[in-house]
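Each chain gets a letter, A, B and so on, in the order its sequence line appears, and its residues count up from 1. What you are looking at is a predicted structure, and each value in this text was computed from that prediction instead of being measured.
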Amino acid sequence: MRRIISGAALIGLSIAAVPAAAQSTQARINDYRERVERLEDADAVENLQAYFGFFFDKGLWGDTADLFADNASFEYGQRGVYVGKQRIARALLLFGPEGLAPGYLNTHMQLQPIITVAPDGRTAKGRFQGMVMLSRPGANGAWGVGIYENTYVKQGGIWKIASLHFYVTAMTDYDLGFMKSALPMDGPSALFPPDRPPSEAYRSFPAAYIPPFSYVHPVTGKSLEAIPQPADTLVGRK
Amino acid sequence: MRALSMSGALVLLLATTVAAAQAQTADQQLDALEARITRLEDLNAIERLQRAYGYFVDKGQWTQLSELFTDDATLEIGGKGLFLGKRRVLEYMQTAFGPDGAKEGLLANHMQFQPIPDISADGTRGWVRSRAFVMSNAGWGLPLYENEYRKEGGVWKISRLSGPFTMYTSWEGWGRNALNNTWPDKFEPAPDLPPSTVYLTYPAYYIVPFHYPNPVTGHAFVPDRGEVGAYHRPPGTADQQRALATGRLADGTQAIAEPPKD
């Protein structure tokens, strides 16, 4: 008969006469709802970044820009920071015409996600590994790799990109490889200058740089902020 | 009130086993729900742990990398042999690959893909099969992982890292160039134990056993005793038949032998 009693208690709960036992049941339900929502948030953020990659790959700049919050920022390598959805939509033309064109390959894989959702479920951070395969008309193909450190915001129940920052690690000619070719990053565009200079000064391979981590050490819980950067005399980093 | 009358009818009419299954209290249902939520969180946690390992490898954060392991963890990468304990994991990394830190002129990205995570029924152990795709200044590499994880004090850690190699090549590409598997004295430091199995990398092949059964049929993977790792002789030749029968263990892999000679 226990089931009937607890069934009656559950019915009573909705009427407001809340017995002590039922209260803890409600507390458990609340706790589990939170945990399921955080799992759903992490999935949504991972998928959002995948949507970004699939749109960006094909030069669907309108769809790409629509994934950003109105006041979001976009930063790719040393090109500087573009702020606001409209500015981002235009800056994306730096990567090719809308819908790309024959001879273009703009593949930016979105891999190895480490998502951290804020306890209140309103914001999130994500680190991704970005393997790159590029081609432009009149140029040889290129291999590349880099790291994304992005932030996200949930507005009206929908996750959007609040800031996207792609740190280029290394780029090389398709045929030559890193032993013989290290392609430098593009600087800020003269045609459509960014709103702000690059937020961090660094060089890609053969130089080395460690994009700051958005998460704490998963085992020790310690901050990863103090990890020293390799020296760069030109930048002034000892 | 259909639920009440129905459950009353069930209690009256049905056998005790059926009644027991039906008569879950709210707390029992919540217990079951919690176990399922925890399992999903655990699956995420071990995937995340493996990805964090990859990011530390990329930039040579050996100290932080070693802190991902349990004190009694084991590590085995390629044909190098077994390293026992967290301290030896750190020693292996710093001796073989230099002090902590990203280094000018060095690219050694170990991109972590394709995880298949599983958690034990009691929630204390986990396993991930996954791969790394290596993009380095020297060329390309394809290790696999069959790793084990343990939950200690509510925190997941790597308790066994097993990273057998599939293929390594220079920038000439695997059509023209294939590197041998590593072996215990290829570089410092020496391992604590010899390799748990000896196998050959591409153009030969070796299948590291799967920690899970086939997800559709439920059948466990059975290593091919006759041919695993044995394609270092041309298939279909007498040479290969001899190679298949030489110094083979019960599971089809080869026992410890002399290291490959370049």
Side-chain angles (χ1 to χ4, degrees), chain A residues 1-11 21-22 24-25 28-29 31-32 35-36 38-39 42-43 109 111-115 127 129 131 143-145 147 169-170 172 175-180 182 205-211 213 215 217-222 224 227-232, chain B residues 3-4 7-8 10-11 19 22-27 30-31 33-34 37-38 40-41 44-45 47-56 58-61 64 67-70 100-107 109 111-113 133 135-140 152 155-158 170-173:
Chain A
M1 292 292 108
R2 273 188 72 190
R3 181 166 184 271
I4 291 171
I5 292 163
S6 80
L10 279 172
I11 291 160
S24 84
T25 297
R28 290 183 76 181
I29 289 172
D31 176 39
Y32 300 160
R35 287 166 67 183
V36 169
R38 295 300 84 79
L39 286 166
D43 260 6
M109 300 187 204
L111 310 163
Q112 205 176 334
I114 296 198
I115 312 288
R127 191 179 185 91
Q129 182 90 251
M131 184 170 150
W143 293 102
V145 69
I147 285 177
T169 303
T172 188
D175 291 306
L176 296 175
F178 293 106
M179 301 289 259
K180 298 175 184 164
F205 180 84
Y209 187 71
I210 306 173
F213 297 85
Y215 49 90
H217 192 285
V219 169
T220 66
K222 283 190 266 185
L224 297 171
I227 287 176
Q229 289 292 351
D232 189 313
Chain B
L4 285 181
S7 78
L10 284 172
V11 170
Q22 292 289 324
Q24 275 200 333
T25 65
D27 269 342
L30 286 170
D31 287 346
L33 193 57
E34 179 173 26
I37 294 170
T38 302
L40 288 170
E41 290 170 342
N44 277 4
E47 278 190 14
R48 200 175 188 272
L49 191 55
Q50 186 57 32
R51 290 167 181 157
Y53 168 86
Y55 286 123
F56 287 145
D58 291 353
K59 306 296 185 186
Q61 306 313 139
Q64 288 80 8
E67 288 170 348
L68 297 172
F69 288 76
T70 61
D100 282 21
K103 292 154 200 76
E104 180 149 355
L106 179 72
L107 179 71
N109 259 41
M111 301 181 268
Q112 306 288 314
F113 299 167
F133 184 31
M135 186 195 266
S136 77
N137 49 340
W140 305 101
E152 290 184 346
V155 179
W156 283 102
K157 302 175 186 176
I158 304 172
S170 71
W171 275 92
E172 284 186 79

- Search all heavy atoms of A:Ala208 against all heavy atoms of B:Glu104 and return the closest pair with its distance. CB-N, 4.2 Å

- What heavy-atom pair brings B:Tyr55 and A:Leu111 nearest, and what distance separates the two atoms? OH-O, 3.9 Å

Measure distances from [X] to the heavy atoms of chain A and classify the residue's part below 4.5 Å as side chain, backbone, both or neither.
X: B:Ser170; value: neither
X: B:Asp100; value: neither
X: B:Gln61; value: side chain
X: B:Asn137; value: both
X: B:Leu106; value: backbone

For the residue pair [X] and [Y], establish whether any side-chain heavy-atom pair is separated by less than 4.5 Å.
X: B:Lys157; Y: A:Val219; answer: yes
X: A:Thr169; Y: B:Lys59; answer: yes
X: B:Asp27; Y: A:Arg28; answer: yes

- Determine the sole option in B:Arg48, B:Glu47, B:Gln50, B:Met111 for which the side chain to side chain contact (heavy atoms under 4.5 Å, CB included) test with A:Gln112 is passed. B:Met111

Checking heavy atoms, do the side chain of [X], its backbone, both or neither come under 4.5 Å from chain B?
X: A:Ile115; value: backbone
X: A:Tyr32; value: both
X: A:Tyr209; value: backbone
X: A:Pro218; value: both

Point-to-point distance, once rounded to the nearest 0.5 Å, from [atom1] of [X] to [atom2] of [Y]:
X: B:Phe56; Y: A:Leu224; atom1: CZ; atom2: CG; answer: 4.5 Å
X: A:Arg35; Y: B:Glu34; atom1: CZ; atom2: CD; answer: 5.0 Å
X: B:Ile37; Y: A:Arg38; atom1: CD1; atom2: CZ; answer: 12.0 Å
X: A:Ile114; Y: B:Asn44; atom1: CD1; atom2: CG; answer: 11.5 Å

- Task: Decide side chain to side chain contact (heavy atoms under 4.5 Å, CB included) for A:Gln129 and B:Gln112; before the verdict, give the C-alpha distance in whole Å, the side-chain angles of both, and the deciding distance to 0.1 Å.
- Result: CA-CA 8 Å; A:Gln129 182 90 251; B:Gln112 306 288 314; over 6 Å; no

- Message: The test is side chain to side chain contact (heavy atoms under 4.5 Å, CB included); show your working for A:Lys222 and B:Gln64 and say whether it passes.
- Response: CA-CA 10 Å; A:Lys222 283 190 266 185; B:Gln64 288 80 8; over 6 Å; no

- Just give me the residue among B:Leu33, B:Thr38, B:Ile158 that pairs up with chain A most often, heavy atom to heavy atom, under 4.5 Å. B:Thr38

- Checking side chain to side chain contact (heavy atoms under 4.5 Å, CB included) for the pair B:Trp171/A:Lys180: CA distance, chi angles, key distance, verdict? CA-CA 10 Å; B:Trp171 275 92; A:Lys180 298 175 184 164; over 6 Å; no

- Message: I'd like to verify something: which residue of A:Pro113, A:Ala170, A:Pro230 has the highest number of heavy-atom pairs under 4.5 Å with chain B?
- Response: A:Pro113

